[in-house]
Number of protein chains: 2
Amino acid sequence: MTSPHGSDPEQQPRQARHTRDDVAETALRILDDHGLPELTMRRLAAALDVQPSALYWHFPNKQTLLAELSDRIASRGRALPFAPVTPGDWMIVTAAEAQSLRDALLAYRDGAEVVSSSFALGLGASVPLTRLRAAIGRGEFDAETVSRASAALLHFILGHVSHEQQRLQYDSLGVAAGPESDEGTSAFEFGVLLFIEGLAQHAASRSTTR
Amino acid sequence: MTSPHGSDPEQQPRQARHTRDDVAETALRILDDHGLPELTMRRLAAALDVQPSALYWHFPNKQTLLAELSDRIASRGRALPFAPVTPGDWMIVTAAEAQSLRDALLAYRDGAEVVSSSFALGLGASVPLTRLRAAIGRGEFDAETVSRASAALLHFILGHVSHEQQRLQYDSLGVAAGPESDEGTSAFEFGVLLFIEGLAQHAASRSTTR
DNA sequence: ACCTGAACACCGTTCAAGT
DNA sequence: ACCTGAACACCGTTCAAGT
């Protein structure tokens, strides 16, 4: 039953005409408020006060919608434009880029999982990948090394933050917290550092051998 | 395989009494033959010639079943017992362990995704994590470093192989192959190497600073 | 351009009851 | 110990038709 004057939370004004952007933003709100498993096409339609079938005018399918959310989540963090390229600054820039990507993912509930699954399907993770490539590309590596290192780092980031967010809501569900509290950040930094040091070392050993 | 009279494709003998092991193995076969999205409780029940509700006597829910599959997939690769610990061999052993985990994941369709999602939920990835810990633990790192490095490496491996398998069936679906064919192995090795070199470098810089 | 109405072909899970 | 039968409460997607 629908009440005549519902001042329901999670509901767009009252209008029956929506744009693709409305749909995406409402989906993001459901995601953030209730998590990925609760983000269904039917629930999204209800939040927009619309029939489920109406969503398929805006997006061809759910996967495409999720890719769109993925892009929005991963792009929320502004790219601070580092103008000057000084030798060795790729390490700092890469670390900063990794941190800002983590922050962007953490800004939405289940953000990492959304981006991760879209990325696995070859969709929606082009922004973070591009940024990591740009950061690592400041070093003097060949194109293939940049590509591989970026992908590897992105895999670590997505896996780590997914794990982190899983444990977050596990804890918030009151499952008698494990030993670690915000161990997340330093463990993350450690992982990123490992990558960066590995890459630096790799380059160094190559130029020594030559 | 395991069944005594197996002739039917995707169907256990004819008996109506099954063990937990039957259920898991049949599920693995559906997974390998048709992929994760097709592995539904109802389809699994049909393959076992049983009502869907019967499965819930063996497993409390689908998630638990997937965790069991995850364990089986990740444990298929034998642990070759390296008896002697010689200095610096952690690098070789870790690389070998990573390779063998990748092989295990590749042995089943969607294997990486199954393990990955169970791992994200804190289930079913204890075997690979234990093995990686044991390998890295051969180096002279403190316990926390070993833990973090293992988790980081595992995240990379799961992400990488998931991606690899996704593209495998994408290609096999005839979507006009991209430029790379079995670029997978060397990109994987590169990622693992980055980690190992990073860890070695990290340890070296620490002992120099002290 | 954007949505309704109604249907299709599915899901995971529960539970009393059977053997 | 292992399964049936029947139901509950959902899914994503399609498509003719409406405005």
Side-chain angles (χ1 to χ4, degrees), chain A residues 1-2 6 10-28 30-31 34-70 110 113-114 117-118 120-121 123-124, chain B residues 2-4 10-28 30-31 33-70 110 113-114 117-118 121 123-124:
Chain A
M1 301 303 186
T2 41
E10 188 180 302
Q11 204 120 340
Q12 219 71 350
R14 188 134 291 279
Q15 281 294 348
R17 243 100 234 248
H18 297 286
T19 128
R20 189 184 155 97
D21 189 73
D22 289 338
V23 177
E25 287 301 320
T26 304
L28 276 177
I30 296 177
L31 177 70
H34 306 280
L36 185 55
E38 307 254 285
L39 176 54
T40 67
M41 295 302 266
R42 299 180 105 99
R43 178 156 193 171
L44 174 55
L48 288 163
D49 217 351
V50 132
Q51 294 296 318
S53 51
L55 300 176
Y56 291 84
W57 193 88
H58 299 283
F59 294 93
N61 50 51
K62 190 179 183 179
Q63 196 173 112
T64 306
L65 170 63
L66 288 175
E68 174 67 33
L69 302 190
S70 179
D110 291 339
E113 216 192 316
V114 172
S117 55
S118 287
L121 291 163
L123 307 167
Chain B
T2 38
S3 54
E10 192 177 299
Q11 202 119 345
Q12 221 68 354
R14 189 131 293 278
Q15 281 295 344
R17 245 97 236 250
H18 297 288
T19 128
R20 187 184 156 97
D21 190 73
D22 289 336
V23 176
E25 287 301 319
T26 304
L28 276 177
I30 295 177
L31 177 70
D33 290 346
H34 305 280
L36 185 56
E38 306 256 283
L39 176 54
T40 68
M41 297 301 266
R42 298 180 106 100
R43 179 158 192 169
L44 175 55
L48 288 162
D49 217 351
V50 130
Q51 295 296 318
S53 51
L55 300 176
Y56 291 83
W57 193 89
H58 299 283
F59 294 92
N61 49 51
K62 191 179 182 180
Q63 195 174 114
T64 307
L65 169 65
L66 289 175
E68 173 69 33
L69 301 190
S70 178
D110 291 339
E113 216 193 315
V114 171
S117 55
S118 287
L121 292 162
L123 307 167

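Here is the naming used below: chain letters follow the sequence lines, and residue numbers restart at 1 for every chain.
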Spacing of [X] atom [atom1] relative to [N] atom [atom2], expressed in whole Å:
| X | N | atom1 | atom2 | result |
| --- | --- | --- | --- | --- |
| B/N61 | D/dA9 | CG | P | 20 Å |
| B/W57 | C/dT14 | CH2 | P | 16 Å |
| B/L66 | C/dG12 | CG | C1' | 12 Å |
| A/R43 | D/dA9 | CZ | C1' | 14 Å |
| A/L65 | D/dG12 | CG | C1' | 12 Å |
| A/D22 | C/dC2 | CG | C1' | 12 Å |
| A/L55 | D/dC15 | CG | P | 17 Å |
| B/L39 | C/dC10 | CG | P | 16 Å |

Q.
I want to confirm an ordering. Mapping A/Q51 and B/A54 to their closest nucleotides on DNA chain C, which one lands closer to the 5' end?
A. A/Q51

Atom pair [atom1] ([X]) and [atom2] ([Y]), whose distance is rounded to the nearest 0.5 Å:
| X | Y | atom1 | atom2 | result |
| --- | --- | --- | --- | --- |
| B/L65 | B/L44 | CG | CG | 6.5 Å |
| B/N61 | B/L55 | CG | CG | 11.5 Å |
| A/L123 | A/Q63 | CG | CD | 5.5 Å |
| A/L69 | A/K62 | CG | NZ | 10.0 Å |

Counting side-chain heavy atoms from C-beta on, which of [options] comes nearest to [X]?
| X | options | answer |
| --- | --- | --- |
| B/R17 | C/dC2, C/dT14, C/dG18 | C/dG18 |
| B/Y56 | D/dG12, C/dT13, D/dT13 | C/dT13 |
| B/K62 | C/dA7, C/dG12, D/dC3 | C/dG12 |

Q) Can any side-chain N or O of B/R20 pair as donor or acceptor with the backbone N or O of B/H58 at less than 3.5 Å? A)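 Yes; judged by distance alone, with no hydrogens or angles, the pair exists.
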
(Q) Tell me if a side-chain donor or acceptor on B/S70 pairs with a main-chain N or O of B/L66 at a distance below 3.5 Å. (A)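 No, because the side chain of B/S70 does not come within donor-acceptor range (under 3.5 Å) of the backbone of B/L66.
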
What's the gap between [N] and [M] when it is taken at their [atom1] atoms, as a whole Å value?
| N | M | atom1 | value |
| --- | --- | --- | --- |
| D/dC3 | C/dA16 | C1' | 13 Å |
| D/dA9 | C/dC10 | C1' | 13 Å |
| D/dC11 | C/dC8 | C1' | 12 Å |

(Q) What verdict does the side-chain contact (heavy atoms from CB on, under 4.5 Å) test give for B/V23 and B/E68, after you've listed the backbone C-alpha separation in whole Å, the side-chain angles of each residue and the deciding distance to 0.1 Å? (A) CA-CA 10 Å; B/V23 176; B/E68 173 69 33; over 6 Å; no

If only side-chain N and O atoms of [X] are considered, is one of them under 4.0 Å from the OP1 or OP2 phosphate oxygen of [N]?
| X | N | result |
| --- | --- | --- |
| B/H18 | D/dA1 | no |
| B/H58 | D/dC3 | yes |
| A/S53 | D/dT14 | no |

**Q.** Shortest non-hydrogen contact from B/S117 toward B/V114
**A.**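 Here B/S117 and B/V114 meet closest at OG-O, 3.2 Å.
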
Q: Toss me the dot-bracket line for DNA chain D: Watson-Crick and G-U wobble, both under 3.5 Å, 5' to 3', using | for pairs to another strand and [ ] for crossers.
A: ||.|||||...|||||.||

